[in-house]
There are 2 protein chains.
Amino acid sequence: MGTTQLETVPEPKYWHLKTVLSEALDSEFTVGEILPNERDLAARFGVARATLRQALEQLELEGRLQRRRGVGTTVAPPRVGVAVAPARHTWPGAAGDDWQPVDAVESDTVPAAVARLLETAAGDRVHIVRRSRVTQGRPLAAELLYVPAAVVPGCQETGVLNGPARAHAVLQELQSLELEGQDRTVELGSARAEDAKQLDRLPGAPVLVVTTRYVSGGRTTAVAVSTYRADTCRLTFGESDAVALLAG
Amino acid sequence: MGTTQLETVPEPKYWHLKTVLSEALDSEFTVGEILPNERDLAARFGVARATLRQALEQLELEGRLQRRRGVGTTVAPPRVGVAVAPARHTWPGAAGDDWQPVDAVESDTVPAAVARLLETAAGDRVHIVRRSRVTQGRPLAAELLYVPAAVVPGCQETGVLNGPARAHAVLQELQSLELEGQDRTVELGSARAEDAKQLDRLPGAPVLVVTTRYVSGGRTTAVAVSTYRADTCRLTFGESDAVALLAG
DNA sequence: TAGTGGTCTAGACCACTAT
DNA sequence: TAGTGGTCTAGACCACTAG
């Protein structure tokens, strides 16, 4: 046969579209610039809107685009480098940490995965401190910090305190304990409705879930579940924070 | 008004569907079990197939499901905990590391982000070592390790070696250097065509991209870009590897 | 109120896998 | 060859934002 078929596996349209758009973003657009709307773009490329959207979704996942309902699609700035593991181990809420306490509640039900780490039994009272991390006015991450009531006995009477003050009380008492170590896991998740609101995203948006285990007195003393916007954040670990400068 | 509208924001169908399916997975299915096909499932829930697929995609993103074309949709096992930052800093390829060298090439073009970290100029020769990480017969991650030729002068004449041997030669010479430190970043990406094949996924599949910077002699000596399957992997950091046991 | 992205439908065909 | 998930279409309506 004289026919040459270099691509035995034809590239899907949305994949090719993504490549074309990606190159266009590099060469013809600047950060913050607004793209034509989806209907126009689809028409221009001769595809259905759903196909165009598949390409846009990928680019948004990679942090290249930002889409907002009622507004439009804009070119996203490079991802923000976010230091996750400080050089020195510290309790959450220690001086200089980038989180802002939001409020705290006491509960006797925690997610199964958290209960397993804390080795708490069903019914054990646990403080749940909500915190949020913001940079340049934009929400980066939401966190739930789980501290068994038995770990911070001084916080028995915090019921009278209001939100932030209560969170402060729990965090403050933690500082008095000796922190022996910590470890973390990172995995992909999708934002729960509550997190999504806090992160200014729609429910289901992709997030990087960082689970931190704080060890003190030979056992897991607290667990933090931090939910970072996957589209805008690049998590940084390690001694040198200089790498946070890396772009694109 | 006597009307009570608790949900002013009606939940999208696919979101509700995802919740229902998620609970069904917990209670009525076992790991590895095969689900009804998409057309049947869509009919059963009274939605279009596209809507059903939106829910399945979310569940796959969260590592609850595994879908394979031509085969079906199965219940995924819990994510595998993968140690990313060993307790002691070592060069890639050191004894006991979980990676298998695949091959190596020499090139004078590297991704812009890598060139920035390595501080190489356009045209500088760089060894690119491909490695892969496998557990229980399943591919977890693919890696490209970039080492400037100037860093491993003993590897000038490796052109005659075949793939794996060449990779070994570069890795071996690295061990002789003193490693001063390393740091890492983690971000969300989508699999390039080449990675996708190595990871047994389709192009565009969500991946966790770990960029490791190796520091020696006061400067960045090597950069590794490791691409982990986001659906099956949970990355673990820190001194204690015990956390790798955490499930679900 | 006009315009945007988000959701949803009811089809169709294709690529792949196992039999 | 039959059955699966993957891609694609051409519509429709909804929720949200901004002028």
Side-chain angles (χ1 to χ4, degrees), chain A residues 5 7-19 21 33-61 64-76 190-191 193 196-197 200-206 231, chain B residues 5 7-19 21 33-61 64-76 190-191 193 196-197 200-206 231:
Chain A
Q5 186 163 8
E7 287 288 345
T8 53
V9 179
E11 208 170 42
K13 277 190 187 178
Y14 77 90
W15 185 258
H16 179 243
L17 206 50
K18 180 195 140 184
T19 307
L21 285 169
E33 196 172 346
I34 191 165
L35 267 63
N37 72 55
E38 297 183 349
R39 290 162 180 85
D40 285 353
L41 272 181
R44 185 176 309 184
F45 287 106
V47 299
R49 193 179 153 216
T51 305
L52 185 269
R53 278 180 61 81
Q54 224 175 329
L56 294 184
E57 265 150 36
Q58 287 251 353
L59 290 170
E60 192 179 26
L61 198 82
R64 306 288 312 273
L65 292 179
Q66 188 155 356
R67 299 193 286 173
R68 275 179 303 170
R69 168 156 50 175
V71 178
T73 301
T74 55
V75 180
S190 48
K197 189 174 295 183
D200 192 23
R201 300 247 56 196
L202 291 178
D231 56 343
Chain B
Q5 187 163 7
E7 286 288 343
T8 52
V9 180
E11 209 171 41
K13 276 190 186 179
Y14 78 90
W15 186 257
H16 179 243
L17 206 49
K18 181 196 140 184
T19 307
L21 285 169
E33 195 171 348
I34 191 165
L35 266 63
N37 72 55
E38 297 183 348
R39 290 162 180 86
D40 285 353
L41 272 181
R44 183 176 311 184
F45 287 106
V47 299
R49 192 179 155 217
T51 304
L52 185 269
R53 277 180 61 81
Q54 223 175 328
L56 294 184
E57 265 150 37
Q58 286 252 353
L59 289 169
E60 191 179 28
L61 198 81
R64 307 288 311 273
L65 292 179
Q66 189 154 356
R67 298 193 285 174
R68 274 179 304 169
R69 170 156 48 175
V71 179
T73 301
T74 54
V75 181
S190 48
K197 189 173 292 183
D200 192 23
R201 300 248 55 197
L202 291 178
D231 56 342

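Below, chains carry the letters A, B, ... as their sequence lines are ordered, and counting in each starts from 1.
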- request: Find the distance B:Leu56:CG to D:dT4:P and express it as a whole number of Å.
  value: 14 Å
message: Once rounded to the nearest 0.5 Å, what's the spacing between atom OG of A:Ser190 and atom CG of B:Leu59?
response: 8.0 Å
Stepwise side chain to side chain contact (heavy atoms under 4.5 Å, CB included) check, B:Thr51 with B:Phe45: CA-CA 10 Å; B:Thr51 304; B:Phe45 287 106; over 6 Å; no
field: Value in whole Å for how far the P atom of D:dT4 lies from CD of B:Gln66
entry: 18 Å
- request: List in chain and number order the residues that pass side-chain hydrogen bond (donor to acceptor under 3.5 Å, both in side chains) with B:Arg201, two or more places apart in sequence or in another chain; answer none if no residue qualifies.
  value: B:Glu60, B:Asp231
query: According to the Watson-Crick and G-U wobble definition with distances under 3.5 Å, which dot-bracket string, read 5' to 3', encodes DNA chain C, using [ ] for crossing pairs and | for pairs with another strand?
result: ||||||||||||||||||.
- request: Name all residues meeting the side-chain hydrogen bond (donor to acceptor under 3.5 Å, both in side chains) criterion together with A:Glu33; count only those two or more places apart in sequence or in a different chain, and write none if there are none.
  value: A:Thr30
Would you tabulate the nitrogen or oxygen pairs shorter than 3.5 Å linking the protein to nucleotides 6-8 of chain C?
from: C:dG6; atom 1: OP2; to: A:Arg53; atom 2: NH1; distance (Å): 2.8
from: C:dG6; atom 1: OP2; to: A:Arg53; atom 2: NH2; distance (Å): 3.3
from: C:dG6; atom 1: OP2; to: A:Arg67; atom 2: NH1; distance (Å): 3.3
from: C:dG6; atom 1: N7; to: A:Arg49; atom 2: NH2; distance (Å): 2.8
from: C:dG6; atom 1: O6; to: A:Arg49; atom 2: NH1; distance (Å): 3.0
from: C:dT7; atom 1: OP1; to: B:Tyr14; atom 2: OH; distance (Å): 2.9
from: C:dC8; atom 1: OP1; to: B:Lys13; atom 2: N; distance (Å): 2.2
from: C:dC8; atom 1: OP2; to: B:Tyr14; atom 2: N; distance (Å): 3.2

message: Holding to side-chain contact (heavy atoms from CB on, under 4.5 Å), I want the full list of residues that pass it with B:Thr74, two or more places apart in sequence or in another chain.
response: B:Ile34, B:Gln66
- request: Report the residues that fulfil side-chain contact (heavy atoms from CB on, under 4.5 Å) with A:Pro206, sequence neighbours left out, ordered by chain and then residue number.
  value: A:Leu61, A:Leu188, A:Ala230, B:Leu188
- prompt: A:Leu35 has an atom CG; how far is it from atom C1' of C:dT4, in whole Å?
  reply: 13 Å
Rounded distance in Å - CG (A:Leu59) to C1' (C:dG5): 16 Å
- request: Go through A:Gln58 and A:Trp15 one step at a time and tell me if the side chain to side chain contact (heavy atoms under 4.5 Å, CB included) criterion holds.
  value: CA-CA 9 Å; A:Gln58 287 251 353; A:Trp15 185 258; 3.9 Å; yes
query: Would you say a side-chain N or O of B:Thr73 is under 4.0 Å from OP1 or OP2 of D:dG5?
result: yes
- prompt: By side-chain contact (heavy atoms from CB on, under 4.5 Å), which residues pair with B:Glu38, not counting sequence neighbours?
  reply: B:Arg49, B:Leu52, B:Arg53, B:Leu56, B:Arg67
For A:Leu35, side-chain contact (heavy atoms from CB on, under 4.5 Å) partners two or more places apart: A:Leu25, A:Phe29, A:Leu41, A:Leu65, A:Thr73, A:Val75
message: Rounding to an integer number of Å, can you tell me how far B:Phe45 CZ sits from C:dT9 P?
response: 13 Å
query: Tell me: CD1 of B:Ile34 to C1' of C:dA18, nearest whole Å?
result: 11 Å
message: Please confirm whether the shortest side-chain N or O distance from B:Asn37 to OP1 or OP2 of D:dG3 is below 4.0 Å.
response: no
